[in-house]
There are 2 protein chains.
Amino acid sequence: MTTYHHGNLRAALIETATELASARGPDGVVLREVARLAGVSHNAAYRHFADREELLAEVAAIGQQRLAAAMRRRLAGVHVTDPAARATARLRETGRAYVLFALDQPGLFRAAFSTAPAPCEDADPYAVLLAALDDLVAVGLLEADHRDAAAVTCWSAVHGFAELHLAGPLQATPRRERTRQLEQLLDTLQGGLIAS
Amino acid sequence: MTTYHHGNLRAALIETATELASARGPDGVVLREVARLAGVSHNAAYRHFADREELLAEVAAIGQQRLAAAMRRRLAGVHVTDPAARATARLRETGRAYVLFALDQPGLFRAAFSTAPAPCEDADPYAVLLAALDDLVAVGLLEADHRDAAAVTCWSAVHGFAELHLAGPLQATPRRERTRQLEQLLDTLQGGLIAS
DNA sequence: GTGTGGAAGTTGTCACTGTCAACATTGGAG
DNA sequence: CTCCAATGTTGACAGTGACAACTTCCACAC
């Protein structure tokens, strides 16, 4: 009962491309192979995307979406009641979640930042970070006009950490050592950002 | 008077590849074009490199070499006499130099970290960073057994900053704002690392 | 001198890719 | 019922990394 028209090819292509990206990184998203896996001829994709880049942008959006979701999920697991301690713990967890996602889903993570993502609601890991920093401001641990710069600093640190351990020169670091390094990075960030 | 044998093709190919990488990034290093520019047929390169990857590794080594050189050059411009202040200033300058090189030579910087560099003496930006941290230990501003973790933290932060501003979501940040963010990142790092 | 062997370059070819153009099929609006 | 625009398909082209087979040249032994 396969019709000539696929019915929902666009979505199927994005999903297949996302799987390829997860398995092999952004360069693994090969237009012709995506089409093959979707059971459709090469060039079918051109009815839905201007070029390979546009498909990759869709994958990037999904990557950022999943990253943001993973961060929110982990944040939900923070059970600390004291407001100040809670805000601090949540900031740390934000960074931890970012790095853990990158290490757990290297292909998708790299794809997420290999090109400008397609516009997409709910897809902003940056928003999660800003929210965590806003909590810190709310409990008086961070000056309000330091928030934006703090965001860039935090993001840079965890992003660089992920990049260096993923494809960079720190690739070979054993897992235990890596988590130790991450915790110390979070310590340093916390110490540098939070006045108390 | 051109001989059949080029005489120094290997070096010529590496240089051409480096220029291509500087101009267009690692993906711009196309074996056939490198050969063309070097005035030699495609496939000539295979007498000197097992595959494209091996040529790229050579380019990566040169990239890291130039990065380390740029860092050392800038460090030489730090004129502060008080030992403690000097060590601090040198650490900051290390980070500043790293980011400025990345932003100034985006293609080469990306190439430098796109693959494992060929082994090469004098090519280690990490060594420059470690030296700066050793100075901090020497003047008592950093505990000796915090050095390695501090190195990873510093490297992560500046590397991530560069990556996010180079090809990432912070690409569009205006220059003035960018330098402000960088200085605040260095402030935070300094505050988090240095006890005093 | 000479001639021979291996290093260095070349030509030819293959499978594969992204993209364009022209054609085929289909379901739905009128 | 008919036509048309959206959706897929076939075929082609230039460009790529890689392999194999051929050619040219230099260095060294004799």
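Side chains included, hydrogens not; waters and symmetry mates left out as well; all remaining heavy atoms used. Just so it is clear, the model here is predicted, and its values are computed rather than measured. Order of the sequence lines sets the chain letters (A, B, ...), proteins ahead of strands, with each chain counted from 1.
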Just how far, in rounded Å, is P of dT17(C) from CZ of R52(B)? 16 Å
Rounded distance (Å) that lies between atom C1' of dT25(C) and atom CG of L9(A): 15 Å
note: N43(A), atom CG; dC13(D), atom P; distance rounded to Å ~ 15 Å
Considering just the side-chain nitrogens and oxygens of Y46(A), establish if one lies under 4.0 Å of OP1 or OP2 belonging to dC20(C). no
Any R10(B) side-chain N or O less than 4.0 Å from OP1/OP2 of dG9(C): no
Expressed in angstrom and rounded to an integer, what is the separation of F49(B) atom CZ from dA8(C) atom C1'? 13 Å
Between P on dT7(D) and CG on L13(A), what's the gap in Å once rounded to a whole number? 12 Å
Quick one: do the Q181(A) and T173(A) side chains pair a donor with an acceptor below 3.5 Å? no
Do H159(A) and F161(B) come within less than 4.5 Å of each other through their side chains, counting heavy atoms only? no
Between atom CG in D51(B) and atom C1' in dT16(D), what is the gap in whole Å? 14 Å
Length of the CD-C1' vector between E33(B) and dA18(D), whole Å: 18 Å
DNA chain D: 5'-proximal contact among R32(A) and R47(A) (nearest heavy atom): R47(A)
How about P117(A) and I62(A): do any of their side-chain heavy atoms sit closer than 4.5 Å? no
Ignoring hydrogens and angles, answer whether the base of dG8(D) and the side-chain atoms of H42(A) contain a donor-acceptor pair closer than 3.5 Å. no
Judged by nearest nucleotide, the residue sitting upstream toward the 5' end of DNA chain C, V30(A) or S41(B), is S41(B)
Rounded interatomic separation in angstrom, taking CG from D27(A) and C1' from dC16(C): 15 Å
So, does H48(B) get its side chain near the phosphate of dG9(C), meaning an N or O under 4.0 Å from OP1 or OP2? yes
Looking at R110(A) and D27(A), does any basic side-chain N land under 4.0 Å from a carboxylate oxygen? no
Check against ring-ring contact (aromatic ring centres under 6.0 Å, His included), Y126(A) and Y98(A): CA-CA 10 Å; Y126(A) 192 52; Y98(A) 191 96; over 10 Å; no
